[in-house]
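Reading through the structure tokens given below for one structure.
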2 protein chains.
Amino acid sequence: METRIDRIKKQLHAASYKLTPQREATVRILLDHEEDHLSAEDVYLLVKDIAPEIGLATVYRTLELLTELKIVDKINFGDGVSRYDLRQEGAAHFHHHLVCLECGAVDEIQEDLLEDVEAIVEKRWNFQIKDHRLTFHGICWRCNDLGAEKPENDA
Amino acid sequence: METRIDRIKKQLHAASYKLTPQREATVRILLDHEEDHLSAEDVYLLVKDIAPEIGLATVYRTLELLTELKIVDKINFGDGVSRYDLRQEGAAHFHHHLVCLECGAVDEIQEDLLEDVEAIVEKRWNFQIKDHRLTFHGICWRCNDLGAEKPENDA
DNA sequence: TACTATTTAATAATGATTCTAAATAATAAA
DNA sequence: TTTATTATTTAGAATCATTATTAAATAGTA
């Protein structure tokens, strides 16, 4: 976990930004909540616990910076809020999401699954794909058949 | 084009809503700009030309209603604005988008392309898919190789 | 006509995000 | 070191999209 921060620090430096205490605190929160999909406000409230002097605007600026550097991804699930999601290290593409219409849970799919589709799109639409966003809306395994187990999404 | 409005009228009635003059004007604008991806504000400004008394809140309410009835889809490309996109008649799923990072153009893909992926997701993640959102970010055919022709995205 | 429900316009309110100005810290130059 | 320059931060104001409110208008119906 510690090395992860170091690597992010390097990424910042490579783009001639610094890992200020506020930025570090923000990154730490993101690392500690990798599973979640936090809004800027969420992050702000959590960061305040470890760095009480920080301002909301700084959190926004930091998240924007991290988004620019592709360290986090900014997503929007249709409620009025942007959420920020740490990108898997070394991942070329953004991972996918499963949004449950019933309980609101957001699960992640780390596999790409889109290779074939992207090949078609690149060729047929003559479109050079840089990144993608894929979200499925539906009923999750928890709400689907009660008593079901968590599927092995690491297959 | 006229029958299209009639069918939408029926859909409203089926859900016990009426096609008021304001709603009709709004739908007409959407039909006249099917290619575009208008924000609520955009729609408002256009509707005002044919129905000057309409209010912005009414446009919002109408778009929300149409979204509920799956007549339009509400999308968000990351700028702070929601955009509204008329759903292809009879389409079970929302169509995909190609957003050009260079010129900002938004093109549509009407084909599904996701059958295989969805089959995998449904099975492996035990997730009952109701709808999807797929957007590719990259460089469009216009910006890609200058002088290129528009690809036949109707293949 | 009278009653009821729906829809509307206008505007206020809200909530997320961005901007601004002043303060502070870091860095580079002399 | 001292000074100048630049980046970064904070706090709060401002902005922008969206939603809620309220009273009036409209339509549908008994």
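The sequence lines fix the lettering, A, B, ..., with proteins before strands; numbering per chain opens at 1.
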- Message: Just N and O in the side chain of A:Thr20: are any of them under 4.0 Å from OP1 or OP2 of D:dT9?
- Response: yes
- C:dT17 OP1/OP2 closer than 4.0 Å to side-chain N/O of A:Ser82: yes
Provide, to the nearest angstrom, the distance between the [atom1] atom belonging to [X] and the [atom2] atom belonging to [N].
X	N	atom1	atom2	result
B:Asp42	D:dT18	CG	C1'	15 Å
A:Tyr44	C:dG15	OH	C1'	15 Å
A:Arg83	C:dA16	CZ	C1'	12 Å
B:Leu38	D:dA17	CG	C1'	16 Å
A:His13	D:dT8	NE2	P	10 Å
B:Leu19	C:dT6	CG	P	17 Å

Table of protein N/O atoms under 3.5 Å from nucleotides 22-28 of chain D N/O atoms:
none

What I want to find out is whether [X] reaches [Y] closely enough, with some N-O distance under 4.0 Å, to be called a salt bridge.
X	Y	result
A:Glu118	A:Lys123	no
B:Glu102	B:Arg142	no
B:Arg83	B:Asp73	no

- Geometric class of the A:His132/A:His96 ring pair [parallel <30°, tilted 30-60°, perpendicular >60°]: tilted
- Message: What contact category does B:Ser39 fall into here, base, sugar-phosphate, or nothing, at under 4.0 angstrom with non-hydrogen atoms?
- Response: nothing
Nucleotide nearest [X] (side chain, heavy atoms from C-beta), chosen from [options]:
X	options	result
A:Tyr17	D:dT8, C:dT7, C:dA9	D:dT8
A:Ala40	C:dT17, C:dT7, C:dA9	C:dT17
B:Arg23	D:dA17, D:dT9, C:dT7	C:dT7

- Query: For DNA chain D, what residues of residues 52-70 of chain B have any heavy atom nearer than 4.0 Å?
  - Reply: B:Leu56, B:Ala57, B:Tyr60
- Task: Evaluate whether atom CZ of A:Phe94 has more than 12 neighbouring non-hydrogen atoms of other residues, nucleotides or ligands under 6.0 angstrom away.
- Result: yes
- Message: Go through it in stages, so that I can follow the logic: the residues are A:His93 and A:His95, the test is ring-ring contact (aromatic ring centres under 6.0 Å, His included), and I'd like the CA-CA distance, side-chain angles, deciding distance and then a yes or no.
- Response: CA-CA 6 Å; A:His93 285 305; A:His95 56 258; over 10 Å; no
- Message: Let me spell it out: for each of A:Gln22 and B:Val81, pick the nucleotide of DNA chain D with the closest heavy atom. Which residue's pick is nearer the 5' end?
- Response: A:Gln22
- Message: Donor-acceptor pair, distance only, cut-off 3.5 Å: does the side chain of B:Gln128 make one with the backbone of B:Glu122?
- Response: no
- Message: Between A:Thr58 and A:Ile54 (side chain of the first, backbone of the second, donor and acceptor by atom type, cut-off under 3.5 Å), is there such a pair?
- Response: no
- Query: Residues in ring-ring contact (aromatic ring centres under 6.0 Å, His included) with A:Tyr44, at least two apart?
  - Reply: none
